[in-house]
Amino acid sequence: MSHIAYVNGRYLPQRLAQVHIEDRGYQFADGVYEVMCIWNGAPADYEAHIVRLNRSLNELRMASPASDGALKLIVQEIVRRNHVEKGTVYMQVNRGVAPRAHAFPGASVKPSLIVTAKHGAGPSDSVAEHGVKVISMADMRWERCDIKSVGLLPNTLAKQAAAEAKAFEAILYLPDGTVTEASASNAWMVTPDKVIVTHPTTNAILGGVTRARVLKIAKDAGYAVQERPFTLEEARKGKEVFLTGTTTFVMPVVEIDDKPIANGGPGTVALDLRQRYRTYMDSLTEAAWDA
Ligand code: PLP
């Protein structure tokens, strides 16, 4: 089955979908994006993704390509046309098409909007049951990691290094040892006295939609939770380490740089949170489009 993409007002087979070579997303990575999970045909945390998209646009002084209502109709149509039951929707907004010049083009240049969909969401449960290995790497990104920009080269380099090391992810750290997040997911640890810790939402990390959902789930379940910086050293000595993300859900980490965390098995807190997150996903219905 051919995938259908939405590109600037048209629904097209993906192989025929094109963007202009002077689109600023292409030339300057002057664009922002969102990836949301579709589960049983319904979106996970739709509203939170749109709030973050609008925030990214605002921070970069980029106009919205469509009203929130029109965007929702486009996303719903892409899910419908691609028959997505379990999968992801990708949306990208670029500043638009203009002769190449670094400064912003005039207000008459309209942003570009691309929406696509994929089947299949998240690594299999058997991966999570065993837990994953990660590597650590210096975080060499810019000072606005809170913006979900398509400028992802440091993230792709980190993920490639992880792939070459046969690891699932690369956990990123600052010169003082603070763990910010991972290349495409948020990083968490559980202290020896069972406090769940994750970096606060500063400019140093992307405020993950899954992170916010898991924070709520953890607090509702009665866990002690702290949003504070932690170092790689603290994580290595922790009881557990895990990752969260739209395509990762909750993923236990069992090794950092080939050294086991605790006893080297997936942590009970991470597995419990994964199960609880899954319960949230399984509860999604049509009503989730308005939640
Ligand atoms: N951090 C980074 C750098 C990411 O790229 C992502 C997701 O792509 C996340 C965290 C997790 O965010 P979310 O839970 O919204 O998918």
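When a ligand or atom number is given, it counts from 1 through the structure's own listing order. The first residue in the sequence is number 1, and the count goes up from there. Below, each value reflects all heavy atoms present in this structure, side chains not excepted, and no hydrogens, waters or symmetry copies. Being a predicted model, the structure only gives us computed values, none of them experimental.
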Practice item. Indicate, as side chain, backbone, both or neither, the part of Thr248 found under 4.0 angstrom from ligand 1 when only non-hydrogen atoms are considered. Key: neither
Review point. Do Glu227 and Thr201 have a side chain donor and acceptor closer than 3.5 Å?
Key: no
Check your understanding: Can an N or O of Arg141 be found at a distance shorter than 3.5 Å from an N or O of ligand 1?
Key -> no
Check your understanding: Should the pair Tyr6 and Tyr11 be assigned to parallel (<30°), tilted (30 to 60°) or perpendicular (>60°) ring geometry?
Key -> perpendicular
**Study point:** Those atoms of ligand 1 less than 4.0 Å from some heavy atom in Gly245
**Key:** 11 (C), 14 (O), 16 (O)
Study note, to complete from the structure: Note: Ala182, heavy atoms under 4.0 Å from ligand 1, region reported as backbone
**Study point:** Atoms in ligand 1 flagged as close to Asn155, the criterion being non-hydrogen separation under 4.0 Å
**Key:** 3 (C)
Practice item. Check whether any heavy atom of Arg213 sits under 4.0 Å from an atom of ligand 1. Key: no
Practice item. Verify, without hydrogens or angle tests, whether Ser67 (side chain) and Ala70 (backbone) share a donor-acceptor contact under 3.5 angstrom. Key: yes
Exercise for review: Please indicate whether any nitrogen or oxygen in Arg211 is less than 3.5 Å from any nitrogen or oxygen in ligand 1.
Suggested key: no
Check your understanding: Do you know which two heavy atoms are closest between Phe249 and Cys37, and how far apart they sit?
Key -> CE2-SG, 4.0 Å
Point to revise | Residue Asn186 vicinity, atoms of ligand 1 by number, heavy atom under 4.0 Å | key: 10 (C), 11 (C)
**Study point:** Any N or O of His49 closer than 3.5 Å to N or O of ligand 1
**Key:** no
Review point. Listed by chain and number, what are the side chain to side chain contact (heavy atoms under 4.5 Å, CB included) partners of Lys239, not counting sequence neighbours?
Key: Val190, Lys194
Review point. Less than 3.5 Å between some nitrogen or oxygen of Glu181 and one of ligand 1, yes or no?
Key: yes
Practice item. From atom 16 (O) of ligand 1, work out which of Thr244, Thr246, Thr88 has a heavy atom at the shortest distance. Key: Thr246
**Study point:** Electrostatic pair Glu47-Arg52, nearest N-O below 4.0 angstrom
**Key:** no
Point to revise | Winner among Ala158, Ser185, Cys37 once heavy atoms are compared against atom 9 (C) of ligand 1 | key: Ser185
**Study point:** Side-chain donor/acceptor of His83 to backbone N/O of Val79, under 3.5 Å
**Key:** no
Point to revise | Atoms in ligand 1 with a heavy atom of Gly208 nearer than 4.0 Å | key: 12 (O), 13 (P), 14 (O), 15 (O)
Practice item. Look at atom 8 (O) of ligand 1 and say which protein heavy atom is nearest, naming residue and atom and giving the distance to 0.1 Å. Key: Lys148 NZ, 3.1 Å
Practice item. Mark the output for Ser183 as yes if a heavy-atom distance to ligand 1 is under 4.0 Å, and as no if none is. Key: yes
**Study point:** Nearest protein heavy atom with distance in Å, relative to atom 14 (O) of ligand 1
**Key:** Thr210 OG1, 2.6 Å
Revision key, fill the gap. In short, Pro65 meets Val93 closest at the heavy-atom pair CG-CG2, 3.7 Å
Practice item. Please check if any side-chain donor atom of Gln14 sits under 3.5 Å from a side-chain acceptor atom of Thr116, or the reverse. Key: no
Check your understanding: Can Glu34 be said to touch ligand 1, with heavy atoms closer than 4.0 Å?
Key -> no
Exercise for review: May I ask you to check if Arg213 and Tyr280 form a cation-pi contact, with NZ or CZ under 6.0 angstrom from the six-membered ring centre and within 45° of the axis?
Suggested key: yes
**Study point:** For atom 5 (O) of ligand 1, the protein heavy atom that lies nearest, with its residue and separation
**Key:** Ala184 CA, 3.5 Å
Check your understanding: Hey, does the Lys NZ or Arg CZ of Arg95 hover above the aromatic six-ring of Phe28, less than 6.0 Å from the centre and inside 45° of the axis?
Key -> no
